[in-house]
Amino acid sequence: MNNIESLNASNAKTSSQSSPSLETYLISALFVVIAAISVFGNILIMMAIFINRRLRTTSNYLLVALAVPDFFQGAVSLPLRLVEVLDKKSDHASFCRVAIPLSTLFGGTSNRHILLIATERFIAICWPFFYCNWVTTKNALVGVGGTWVFMTIFSLLPSLGWGGKQPEPSVKFCRFPEFLTQEYITSLYVFVHAFPIITVIFLNVFILRASFDHARRICVQVAASNANSQVERTSTFYPEQSEEVGSRKREASRQMKATKIVAAVVGSFILMVVPIITIDVVEMMTGAVVPGWIVKVTVLMIYSNHCANVFVYAGFNSDYRNTFKSIFKRGMNIVRPERS
């Protein structure tokens with residue numbers, strides 16, 4: 001993503017100073033906090049799936065797949081950003097040739113995993129009878145693997161001879177236009193950002209509408225079944241009918257829980273990613289200069305997106321929440337010294 005360009009353009013005024021400013025230290029501190037939450041939060045998500053068997057579903061496996069690039073954004077991309085911001089004497093011509101592809105790889109992979117998650121929910125709501133045959137763990141792994149292969153190749157294209165260009169000798173920042181051609185930047189926005197975002201918005205609107213309609217129909221059916229059960233308590237078919245009512249309730253609860261998580265993940269993704277993309281496109285197409293403080297806020301937002309999911313899972317799913325608590329308790333028991 002072109003967030004490297006945006007933040008560095010906004011910091012151009014401070015680059016001429018011999019020592020980092022208070023603003024630079026503040027931004028760096030926020031990056032450290034975001035990186036720490038992203039690293040430990042996404043590790044927590046992966047541990048939860050490993051510990052709790054109830055969470056081992058195809059839907060949750062896709063959420064774990066999303067946690068992997070988000071983890072690497074916090075563990076790799078953000079530390080590289082800190083070096084870029086704080087170390088003005090480093091060889092940026094060489095440094096940026098590593099930082100830009102890694103940022104593109106992890107950010108783009110995260111975006112396309114959001115698309116996979118939304119597609120999984122779309123199939124579950126739209127074609128529930130075919131869901132078990134179409135959305136299998138094997139097919140999910142194929143989609144995740146294909147995403148990593150595509151983004152790895154795409155991020156390496158400038159190094160392989162297409163999309164890269166020689167920067168000016170005096171380059172001090174990892175700005176996309178300094179290292180990448182206009183054709184590559186346009187392709188980046190179309191295939192890595194615009195297509196996933198537009199598709200995810202469309203799918204999410206449909207998912208929410210269909211999910212609530214589906215939930216209402218199930219509630220009506222359950223209410224009717226309960227009414228019939230009250231009348232037919234002496235019937236020999238009552239136990240089977242009661243079991244069917246309970247099964248419908250559990251299925252409705254499971255589907256609604258999964259839909260709420262996906263809606264929150266997709267919603268936070270759109271809220272935090274779209275602003276910086278809008279700014280980059282406006283500046284690229286019109287030459288307008290967006291105020292620096294707005295750019296800095298949107299850059300922090302996009303990196304915050306990679307640590308937000310742990311709070312989404314804990315807030316919308318009791319299984320995740322209870323597993324997180326269990327992990328913390330186990331960790332405290334290990335750290336706490338035994339009493340004599």
Side-chain angles (χ1 to χ4, degrees), residues 1-7 34 38 59 62-63 65-70 72-73 77 100-126 143-144 146-155 157 163 176 180 182-211 258-286 290 294-295 297-309 312:
M1 177 170 294
N2 203 359
N3 47 35
I4 292 179
E5 175 193 353
S6 301
L7 182 62
I34 293 172
S38 182
S59 179
L62 289 175
L63 295 178
L66 173 63
V68 174
D70 287 349
F72 281 115
Q73 279 285 59
S77 296
I100 289 177
L102 287 176
S103 179
T104 302
L105 170 62
F106 300 138
T109 303
S110 179
N111 291 357
R112 298 186 75 85
H113 276 82
I114 294 284
L115 178 59
L116 287 177
I117 291 170
T119 302
E120 182 269 338
R121 277 294 89 199
F122 178 79
I123 295 173
I125 298 299
C126 207
V144 170
T147 297
W148 276 101
V149 170
F150 171 80
M151 284 308 309
T152 299
I153 295 173
F154 188 87
S155 62
L157 283 178
F176 275 41
L180 304 173
Q182 188 65 44
E183 291 79 10
Y184 183 88
I185 295 175
T186 302
S187 300
L188 176 68
Y189 276 106
V190 171
F191 295 109
V192 179
H193 302 304
F195 174 73
I197 289 175
I198 292 172
T199 307
V200 160
I201 291 175
F202 170 78
L203 292 178
N204 206 46
V205 170
F206 179 87
I207 288 169
L208 289 177
R209 292 181 59 182
S211 294
T259 300
K260 285 180 179 179
I261 290 179
V262 172
V265 169
V266 172
S268 63
F269 165 71
I270 294 171
L271 178 65
M272 295 181 180
V273 172
V274 168
I276 189 62
I277 293 179
T278 303
I279 289 174
D280 287 342
V281 171
V282 168
E283 290 187 339
M284 185 171 58
M285 296 182 64
T286 67
V290 177
I294 296 179
V295 174
V297 170
T298 55
V299 168
L300 289 171
M301 286 172 60
I302 193 170
Y303 277 110
S304 298
N305 177 62
H306 299 291
C307 67
N309 292 337
V312 171

Audit row: S155, F106, side-chain contact (heavy atoms from CB on, under 4.5 Å) steps and yes/no: CA-CA 9 Å; S155 62; F106 300 138; over 6 Å; no
Working for side-chain contact (heavy atoms from CB on, under 4.5 Å), residues I302 and M272: CA-CA 5 Å; I302 193 170; M272 295 181 180; 5.6 Å; no
Working for side-chain contact (heavy atoms from CB on, under 4.5 Å), residues L105 and T152: CA-CA 6 Å; L105 170 62; T152 299; 3.7 Å; yes
Criterion side-chain contact (heavy atoms from CB on, under 4.5 Å) on H193 and N111, from CA distance to verdict: CA-CA 7 Å; H193 302 304; N111 291 357; 2.9 Å; yes
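How far CG of L115 is from CD of E120: 12.0 Å, rounded to the nearest 0.5 Å. The CD1 atom of I117 lies 5.0 Å from the CD1 atom of I114; values are rounded to the nearest 0.5 Å. Within the model, atoms CG of L116 and OG1 of T147 stand 4.5 Å from one another, a figure rounded to the nearest 0.5 Å.
For S77, the side chain to side chain donor-acceptor pair (under 3.5 Å) partners are Q73, not counting sequence neighbours. Legend: residues meeting side chain to side chain contact (heavy atoms under 4.5 Å, CB included) with V68, ordered by chain and number and at least two apart, are M46, F72, W148. With sequence neighbours excluded, the residues satisfying side chain to side chain contact (heavy atoms under 4.5 Å, CB included) with I123 are T119, W127, Y131, W134, V135. Residues satisfying the side chain to side chain donor-acceptor pair (under 3.5 Å) test with S110, not counting sequence neighbours, are D70.
For Y184 and Y189, the distance between ring centers is not under 6.0 angstrom.
Put simply, the side chain of S103 never gets that close to the backbone of I100: no donor and acceptor are under 3.5 Å apart. Side-chain atoms of S38 do not come within 3.5 Å of backbone N or O of I34 as any donor-acceptor pair. Side-chain atoms of R112 come within 3.5 Å of backbone atoms of F191 as a donor-acceptor pair (strictly under, hydrogens ignored).
Side-chain atoms of T109 and F150, non-hydrogen and from C-beta on, never get closer than 4.5 Å to each other.
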Side-chain donor-acceptor pairs under 3.5 Å in residues 196-206, sequence neighbours left out?
| residue | atom | partner | partner atom | Å |
| --- | --- | --- | --- | --- |
| T199 | OG1 | F195 | O | 2.7 |

